[in-house]
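Heads up: the structure comes next, in structure tokens.
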Amino acid sequence: MRRGALIRGGAGMVAAVGFMLAVGAWRSGDLPWQQQVTETVGTRGADLESMSWQLTSHEGERVSPQSWIGQTSLVFFGFTWCPDVCPMTLLNISDWLEELGPDADGLAVHLVSVDPERDTPEVLADYLSNFDPRISGLTGSPDEVAQAADDFNATYRRVPRDDGDYTVDHTAGVMVFDPDGRLSSIIDLHDDPKFAVPKIRRAMEREV
């Protein structure tokens, strides 16, 4: 079942957000006051050129970190059954891209799934259709996802549920890489939203 049309502002956005969070809570077995436990991604120095992961995009294309060299990149880890953090992060990113205007067209923006068992390219494509179309989804085999998480210093943990299903605890935070492939900053889950776009612009202004 699709989770609504592309989310925009106003009353429609409020309704869509409520719907997506409700679906996420139902799927994960969490209630709004029992939010998924997450950590902020680590700040260990990282650069794309030193990474070795390879993943598949929601369009079925193979992607490597070297593909992003020369453009500013935004990366975060999550999954389509996430009850709250992931849809809210995607909404925030959609807002940042809108605020950046035409400058955002040169960005590489990616959600890396930590749930490869359920998040096939087709599932990611359907899920991301609710957000800004410039956001790409990446998935792969469990080993490929584990390699990507290690390269980005992200962690995730599959958590069984009483009903026999599972959810996934994972790090939160959007990593911003400059065009040279160096980690420029991290937009923390708890950051004041007004600081997000300036962080992205600072990375964009660094020359390759």
Side-chain angles (χ1 to χ4, degrees), residues 1-4 6-7 16-32 34-42 51 53-63 65 73-94 108-175 186-190:
M1 180 181 67
R2 295 179 68 88
R3 276 160 278 193
L6 183 64
I7 297 172
V17 172
F19 174 67
M20 291 190 71
L21 295 185
V23 170
W26 170 73
R27 289 177 125 189
S28 68
D30 293 335
L31 297 174
Q34 295 175 322
Q35 294 186 349
Q36 182 184 30
V37 177
T38 60
E39 303 172 353
T40 300
V41 70
M51 298 182 185
W53 56 263
Q54 290 193 8
L55 295 169
T56 302
S57 76
H58 73 273
E59 296 176 331
E61 299 177 349
R62 292 295 284 176
V63 178
S73 305
L74 275 61
V75 186
F76 80 104
F77 285 75
F79 63 116
T80 65
W81 287 58
C82 180
D84 37 49
V85 172
C86 302
M88 290 307 300
T89 300
L90 285 162
L91 284 169
N92 288 338
I93 291 175
S94 297
V109 187
H110 300 279
L111 160 65
V112 179
S113 173
V114 294
D115 187 11
E117 181 175 320
R118 294 183 293 202
D119 286 347
T120 63
E122 294 76 16
V123 169
L124 282 171
D126 181 65
Y127 182 69
L128 291 172
S129 68
N130 296 293
F131 304 98
D132 191 291
R134 289 167 289 193
I135 302 172
S136 174
L138 298 177
T139 188
S141 69
D143 286 344
E144 289 173 337
V145 170
Q147 178 64 57
D150 184 65
D151 284 351
F152 283 106
N153 193 29
T155 62
Y156 59 98
R157 180 173 64 95
R158 181 164 162 162
V159 181
R161 283 172 24 189
D162 291 339
D163 62 2
D165 207 342
Y166 67 92
T167 186
V168 184
D169 290 349
H170 61 91
T171 54
V174 179
M175 289 168 273
I186 295 172
I187 303 172
D188 188 88
L189 178 67
H190 306 293

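Position 1 is the first residue of the sequence; numbering continues from there.
Of all the heavy atoms in A172 and V85, the pair that sits closest is CB-CG1, 4.1 Å. In this structure, T139 and P116 approach most closely via the heavy-atom pair OG1-CA, 3.8 Å. Between V114 and H170 the shortest heavy-atom distance is CG2-CB, 4.2 Å. Of all heavy-atom pairs spanning S129 and D126, the tightest one is OG-O, 2.5 Å. What you find for I135 and S94 is that their closest heavy atoms are CD1-OG, 3.8 Å. H58 and L124 get closest at one heavy-atom pair: CB-CB, 3.8 Å.
Rounding to the nearest 0.5 angstrom, the gap separating the OH atom in Y127 from the SG atom in C86 is 6.0 Å. For the atom pair E144 CD and T56 OG1, the distance stands at 6.0 Å (nearest 0.5 Å). For the atom pair L74 CG and L111 CG, the distance stands at 12.0 Å (nearest 0.5 Å). For the atom pair CZ of R158 and CG of D169, the computed distance is 12.5 Å after rounding to the nearest 0.5 Å. Rounded to the nearest 0.5 angstrom, R118 CZ and T120 OG1 are separated by 12.0 Å. Distance check: I93 CD1 to I187 CD1 gives 7.5 Å after rounding to the nearest 0.5 Å.
Here the side chains of F77 and C82 are not in contact, with every heavy-atom distance at 4.5 Å or above. At a threshold of 4.5 Å between non-hydrogen side-chain atoms, the residues L90 and L128 count as touching. Between W81 and D165 the shortest side-chain heavy-atom distance falls below 4.5 Å. For the pair W53 and D150, the minimum side-chain heavy-atom distance is 4.5 Å or more. With a 4.5 Å cut-off on side-chain heavy atoms, Y166 and V159 do not count as touching.
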Candidate pair E59 and S57, rule side chain to side chain donor-acceptor pair (under 3.5 Å), full reasoning: CA-CA 5 Å; E59 296 176 331; S57 76; 4.7 Å; no
From CA spacing to verdict: side chain to side chain contact (heavy atoms under 4.5 Å, CB included), V75, F152: CA-CA 9 Å; V75 186; F152 283 106; 4.1 Å; yes
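Remark: the Q147 side chain and the D151 side chain contain an N/O donor-acceptor pair separated by less than 3.5 Å. Looking at Y156 and D115, their side chains never bring a donor and an acceptor atom within 3.5 Å of each other.
Among residues two or more places apart in sequence or in another chain, the salt bridge (charged side-chain N to carboxylate O under 4.0 Å, His left out) test is passed with R134 by D105, D132.
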